[in-house]
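No hydrogens, no waters, no symmetry mates; every other heavy atom, side chains included, goes into these values. Counting starts at 1 for both ligands and their atoms, following the listed order. One-based numbering along the sequence shown. None of these values were measured; they are calculated from a predicted model.
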Amino acid sequence: MYFGVDYHPEHWVYPYAGTLDKPEARWEHDAQLMTAAGVNVVRMGEFVWGRCEPELGKYDFDWLWRVMDIMKAADIKVVLATPTAAPPLWMAKKHPEILPIDEKGLLLHEGTRHAACLNSDVFWDYSKKIVTAMAGALGKHSQLIAWQIDNGIGGHTTEASFNPETKADWAAWLKAKYETIERLNEFLGTRFWGQTVTDWDQVPTPMRAPTVHNPALVLDWMRFSSDTVIAYIRMQAEILRELTPQAPVTTNLRALTRHFDHFDMAEVLDFVSVDSNATVKSRSAENACEVDLMRSVKKTGIRTPEGGNSGFWVIEQKAGHVNWQEVNSLVRPGVVRLFTYQLVSRGADGVLYFFWRQPRIGSEKFYGGVLTHDGRGDNRVYREISQIGEEIKLLAPVLKGTKVIAETCILYSHDNEWSLKQPMQPNKHFNQREHIHLFHTALHDRNISVDFARPSEDLAPYKIVFAPSLSLLAAGEADRLKLYVHNGGTLVATFNTGLVDEHHIAPDTGIPANLTDLFGLEVQEFDPLPPGEENHLTIKGAFTTTHLHPARIWCDIIEPKECQVLAIYAKDFYAGRPAITINNFGQGKAIYIGTMSHQYFYYDLVAWLRQLCNLHPLLKVPDAVEVSLRQKDDTKIFFLLNHQNTPVRITFFKPMHDFLTGNTFTGNYDLPPHGVLVLDEHLAKV
Ligand code: GLA
């Protein structure tokens with residue numbers, strides 16, 4: 001396992017550190033402190049373009065080689081980042097056309113990172129040159145174990161720019177997709193509001209306009225922008241693979257917040273890396289959901305620096321507080337450790353803290369680091385990280401090759417999200433992430449492992465697949481869902497499914513499009529409800545309930561055909577009409593939930609499904625304890641995390657061995673506040 005920090009050696013030279021005589025003297029001291037904290041890897045280089053190419057074509061990588069030598073002496077490996085996230089100032093002066101133009105037509109100026117349009121040929125050329133030069137200069141260093149391409153690509157909403165070059169690429173992209181103007185007009189439905197085009201360069205980009213753009217066009221624009229970002233990363237990946245084939249490539253992603261398709265992006269990478277929000281989010285389930293999402297974007301073709309074929313890295317984990325909230329409170333003692341274990345328990349094989357030391361310069365100087373400005377190494381966070389470092393050393397051999405295996409899955413597609421984010425939805429208070437969280441939290445809180453997948457993936461490995469609000473569903477995706485159920489799977493889908501196809505055209509064959517036979521019903525109308533207004537569910541039959549469950553946000557009015565009704569609405573003109581149904585289809589079952597409820601409903605749903613599908617919780621523990629499992633062959637490593645501020649009593653019904661202390665537990669054990677246990681069932685190791 002890799003355990004490390006994000007290091008910015010360029011900050012730690014004279015006059016900010018070191019001396020006039022030995023301007024780089026601090027680097028060795030840093031390496032010593034890192035080793036003492038258990039660090040075995042650093043990531044560096046992501047913003048050093050201006051330092052490495054101070055003038056056009058004049059390169060200087062020697063200083064980075066010297067840092068890598070120091071890391072070698074300390075037995076610390078290096079992930080080098082290509083520095084393209086921060087083009088040097090001379091470039092914008094020489095080629096102002098590389099600066100991005102925003103949707104209002106305004107130029108975004110230089111003087112910060114990401115000030116470049118990703119469709120600019122000039123920027124591509126310079127990027128190729130710096131990446132080639134860097135790989136040539138540093139690629140043979142023994143410490144290099146991987147490349148991070150760029151940094152936080154698409155952050156600061158630079159995924160899409162509206163430069164003339166972007167518009168030319170857009171026209172070419174559309175031409176490649178539709179081939180003829182007639183097809184483009186047909187599939188984009190341009191006759192609505194009389195927006196038919198007669199030439200490729202007439203197709204608008206969705207710039208600020210008097211009112212809403214054509215949703216089909218906006219959807220294509222999102223796909224085009226996504227392809228642009230991914231092409232830029234692919235270009236760098238190809239150069240690096242050619243020059244340094246031994247070093248896998250990654251880039252740091254964030255939990256699906258950026259406007260590109262993270263699944264497509266993951267295909268270009270050898271392994272996925274994540275910037276984690278842990279320690280900022282208030283609920284453990286929210287963090288867990290983000291980790292599960294990011295673990296799931298790449299399931300095959302993985303090549304990690306350790307040579308593994310599973311897992312992902314958290315290349316930026318918060319070491320402490322951030323600097324971008326209104327109030328950046330300290331992260332409480334033990335919480336960084338707790339969330340580090342949450343990441344590891346959900347499949348991370350590398351964790352690096354952002355960042356090694358709070359910089360004395362620049363806009364992130366009040367962002368929490370492992371070291372504070374004084375760089376002394378006797379502070380609270382350094383001690384906590386050092387403790388984790390010790391523990392990870394113990395755990396690394398045990399965890400090697402283990403991975404998370406999930407029996408359930410939640411479907412997610414970027415196309416769908418991009419469609420749902422558009423204005424003029426049936427209910428603007430519907431939030432797809434909230435809907436996903438209701439399902440994920442129910443599974444998480446009952447300690448059932450869950451993956452995410454695109455609807456087009458092979459779903460056969462999963463006992464249950466949840467499909468919350470796949471409003472945009474391509475015909476091919478609908479076929480996948482049918483195949484899955486036909487072969488024995490259990491699918492749980494909801495309202496707001498199959499309202500449009502991949503061209504954003506509504507079906508004329510009934511809702512949910514292409515799936516009415518699967519669910520044995522048709523949605524005749526739907527009634528979006530404003531916040532605070534509720535209907536209620538009257539549950540029938542086998543599905544037991546612990547609460548009165550509301551129907552809120554959206555009520556489908558369902559005409560049942562072959563399906564069996566599990567719940568009905570309690571009031572309004574559709575009182576007595578089905579709200580939840582189940583249908584046998586082939587060997588499997590298709591469950592349809594026509595409304596959104598509160599969290600307790602989803603707990604009850606999961607309890608019922610657990611019996612229906614013979615699904616076992618990982619371990620029986622009190623509610624406040626999160627349990628995850630990593631496994632390999634017959635090795636099963638359980639992680640128990642107490643997310644509470646108070647101790648929680650756990651009763652072990654059989655002896656469990658704790659890797660961190662070597663103790664064996666049976667009977668009652670009080671897990672301390674924010675405490676962690678890493679357990680297996682084998683007594684022999686005591
Ligand atoms: C991202 C970037 C970092 C830093 C952090 C701050 O993760 O990659 O350089 O700016 O955000 O949260």
Side-chain angles (χ1 to χ4, degrees), residues 4-12 41-51 79-88 108 111-116 118 146-159 229 232-233 236 249-260 262 265 269 271-281 286-287 290-291 293-294 297 312-331 335-336 339-340 343 348 350-373 381:
V5 291
D6 300 311
Y7 186 40
H8 300 100
E10 66 275 23
H11 295 177
W12 303 113
V41 67
V42 291
R43 182 204 67 190
M44 57 191 199
E46 74 273 27
F47 303 122
V48 299
W49 195 344
R51 174 76 183 78
V79 176
L80 276 178
T82 65
T84 47
L108 302 177
T112 182
R113 58 188 182 182
H114 288 296
L118 293 176
W147 289 101
Q148 175 186 299
I149 298 175
D150 204 273
N151 186 79
I153 191 135
H156 317 302
T157 57
T158 46
E159 292 102 342
V229 175
Y232 181 73
I233 296 291
Q236 293 200 29
V249 305
T250 188
T251 190
N252 56 337
L253 304 174
R254 225 169 237 278
L256 310 194
T257 54
R258 297 192 178 127
H259 297 157
F260 54 78
H262 291 61
M265 176 66 92
L269 308 173
F271 66 105
V272 164
S273 292
V274 186
D275 294 354
S276 161
N277 276 334
T279 68
V280 178
K281 294 267 157 103
E286 281 178 73
N287 278 324
E290 294 200 347
V291 184
L293 263 166
M294 298 312 288
V297 297
F312 64 97
W313 276 30
V314 178
I315 211 156
E316 290 189 16
Q317 156 70 336
K318 310 274 168 271
H321 56 279
V322 298
N323 69 342
W324 37 257
Q325 292 176 306
E326 284 189 18
V327 179
N328 298 295
S329 301
L330 288 179
V331 177
V335 172
V336 171
F339 283 122
T340 303
L343 298 166
V351 179
L352 286 76
Y353 295 94
F354 187 88
F355 29 40
W356 169 240
R357 179 173 170 185
Q358 287 190 296
R360 295 179 60 202
I361 49 175
S363 57
E364 292 184 338
K365 59 172 70 74
F366 300 118
Y367 199 105
V370 178
L371 300 185
T372 52
H373 292 136
V381 176

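- Of the protein's heavy atoms, Glu364 OE2, 2.4 Å lies nearest to atom 10 (O) of ligand 1.
- Distance alone, capped at 3.5 Å, is enough to place a donor-acceptor pair between the His262 side chain and the Phe260 backbone.
- Distance from atom 12 (O) of ligand 1 to its nearest protein heavy atom, with residue and atom name: Trp324 NE1, 2.8 Å.
- Residue Asn252 approaches ligand 1 through these ligand atoms, each under 4.0 Å from one of its heavy atoms: 8 (O).
- Ring geometry, His114 versus His156: the interplanar angle falls from 30° to 60°, so the pair is classed tilted.
- Among Gln317, Glu290, Arg254, the one residue that satisfies the side chain to side chain donor-acceptor pair (under 3.5 Å) test with Ser276 is Gln317.
- Between the side chains of Thr250 and Gln148, no donor-acceptor pair is found at a separation under 3.5 Å.
- Of the possible polar contacts, one joining the Asn252 side chain to the Gly152 backbone as a donor-acceptor pair under 3.5 Å is found.
- Atom 9 (O) of ligand 1 has Arg113 NH1, 2.9 Å as its closest protein atom, hydrogens excluded (heavy atom only).
- Atoms of ligand 1 found under 4.0 Å from any heavy atom of Phe47, numbered from 1 in the order shown, are 9 (O).
- Only the side chain of Asn151 comes within 4.0 Å of ligand 1, counting heavy atoms alone; its backbone N, CA, C and O stay farther away.
- Of the protein's heavy atoms, Arg254 NH2, 3.5 Å lies nearest to atom 11 (O) of ligand 1.
- Under a 4.0 Å N-O distance rule, the pair Arg43/Glu316 qualifies as a salt bridge.
- Side-chain atoms of Thr82 never come within 3.5 Å of backbone atoms of Ile149 as a donor-acceptor pair (strictly under, hydrogens ignored).
- Scanning all protein heavy atoms for the shortest distance to atom 2 (C) of ligand 1 gives Glu316 OE1, 3.5 Å.
- If you check the side chains of Thr84 and Asp150, you find a donor sitting under 3.5 Å from an acceptor.
- Taking any N or O of Tyr367, backbone or side chain, at least one lies under 3.5 Å from an N or O belonging to ligand 1.
- Ligand 1 has no nitrogen or oxygen under 3.5 angstrom from a nitrogen or oxygen of Glu46.
- In the vicinity of Asp275, heavy-atom distances shorter than 4.0 Å reach the ligand 1 atoms 1 (C), 7 (O), 8 (O).
- Using a 4.0 angstrom heavy-atom cutoff, Phe354 counts as in contact with ligand 1.
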